[in-house]
Number of protein chains: 2
Amino acid sequence: MDRDLAEHSADILKAVAHPIRLQIIELLKKEEMCVGDIVHELGEKQAITSQQLNIMKNKGILACRREGAKVFYRIENKNVIKVLACVYDHCKAETRSKK
Amino acid sequence: MDRDLAEHSADILKAVAHPIRLQIIELLKKEEMCVGDIVHELGEKQAITSQQLNIMKNKGILACRREGAKVFYRIENKNVIKVLACVYDHCKAETRSKK
DNA sequence: TTAATATATTACTATATTGCAATAATACTA
DNA sequence: TAGTATTATTGCAATATAGTAATATATTAA
């Protein structure tokens, strides 16, 4: 594997490798949501949520549109959904085997 | 998604989200390898490589066995291969669309 | 036992990330 | 325009991660 691909892939992975960010992606899988609703769903503080959204927007994972005072975020990179499905499968399998 | 799954998944993702670690996994996809050969293939320093191997071993991604003076590492968690395949697909698609 | 090879660990510095509080900016509404 | 709701940004302290050099450990061979 070439170094550039490794760097770039690591970058994408880091961009989602955070509990709050994963939960945000999970929420947005169904439909776009505004920041306030995401904050409410997660029970996290507004500033933190906004920061995590921004991180993912910068990496091209999310995109957003403003509608009046609200900003709606959506998943821009549908591929991350597949990636995360693999991760969750893995984690669930691991949990089962530990019983 | 429950918080525990998010925490655990983020942990796994963080464990692979590093260029050297990705390259190690890529090497081990084909076959198990000893540390020296991995160091040689990657052109990284011995200490760094050993550290990265250890990180992934602790997270259950890799496993190893000693054979004399050498230690052979292998992928313990075959699922990460699928996860990374998704990531690479994504990165390649992205590269193409930027052309 | 000594030397050489292979791998792991430690201590340290530098850098990055996280979470927080406060505040700024934006866009509605009265 | 003033006030309010919504979202973004900034500055900071705490923590985590990365990279390095030096050293330790384990195994084999002489």
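The structure displayed is predicted, hence computed values, not measured ones. So you know, we letter chains A, B, ... as the sequences are listed, proteins then strands, and number each from 1.
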What's the closest nucleotide to the [X] side chain, out of [options]?
{"X": "A:Arg66", "options": "C:dG19, C:dA27, D:dA8", "answer": "C:dA27"}
{"X": "B:Ile55", "options": "D:dA18, D:dT7, C:dT18", "answer": "D:dA18"}
{"X": "B:Asn54", "options": "C:dA8, C:dG19, C:dT9", "answer": "C:dT9"}
{"X": "B:Lys70", "options": "C:dA27, C:dA6, D:dT7", "answer": "C:dA6"}

Short side-chain N/O contact to [N] OP1/OP2 from [X], under 4.0 Å:
{"X": "B:His18", "N": "C:dA16", "answer": "no"}
{"X": "A:Arg21", "N": "C:dT18", "answer": "yes"}
{"X": "B:Tyr73", "N": "C:dA6", "answer": "no"}
{"X": "B:Lys45", "N": "D:dG19", "answer": "no"}

So what does A:Glu44 hit on the nucleic acid, given a heavy-atom distance under 4.0 Å: a base, only sugar-phosphate, or nothing? nothing

Which part of the nucleic acid, if any, lies within reach of A:Phe72 when heavy atoms closer than 4.0 Å are counted: base, sugar-phosphate only, or nothing? nothing

Taking the side chain as C-beta and beyond, is there a heavy-atom pair between [X] and [Y] under 4.5 Å?
{"X": "A:Arg66", "Y": "A:Val71", "value": "yes"}
{"X": "A:Leu22", "Y": "B:Leu5", "value": "no"}
{"X": "B:Tyr73", "Y": "B:Leu27", "value": "no"}

Measure from [atom1] on [X] to [atom2] on [N] and round the result to the nearest Å.
{"X": "A:Met33", "N": "D:dT6", "atom1": "CE", "atom2": "P", "value": "14 Å"}
{"X": "B:Met56", "N": "D:dA18", "atom1": "CE", "atom2": "P", "value": "11 Å"}
{"X": "A:Asn58", "N": "C:dT17", "atom1": "CG", "atom2": "C1'", "value": "15 Å"}
{"X": "B:Ile20", "N": "D:dT20", "atom1": "CD1", "atom2": "P", "value": "9 Å"}
{"X": "A:Ile24", "N": "D:dT7", "atom1": "CD1", "atom2": "P", "value": "13 Å"}
{"X": "A:Ile48", "N": "D:dT10", "atom1": "CD1", "atom2": "P", "value": "17 Å"}
{"X": "A:Gln52", "N": "C:dT18", "atom1": "CD", "atom2": "P", "value": "6 Å"}
{"X": "A:Gln46", "N": "C:dG19", "atom1": "CD", "atom2": "C1'", "value": "13 Å"}

Determine whether a donor-acceptor pair (N or O, by modelled atom type, separation under 3.5 Å) exists between the side chain of A:Arg3 and the backbone of B:Gln23. no

Between B:Ser50 (side chain only) and B:Gln46 (backbone N and O only), is there a donor and an acceptor less than 3.5 Å apart? no

Heavy-atom nearest nucleotide on DNA chain C taken for A:Ala17 and for A:Gly68; more 5' hit belongs to A:Ala17

Taking for A:Ala47 and for A:Lys14 the nucleotide of DNA chain C with the nearest heavy atom, the one nearer the 5' end belongs to A:Lys14

Check: B:Gln51 side chain, D:dA18 base, donor-acceptor under 3.5 Å: no

Given the options A:Met33, A:Glu41, A:His18, A:Gln52, A:Ile24 meets side-chain contact (heavy atoms from CB on, under 4.5 Å) only with A:Gln52

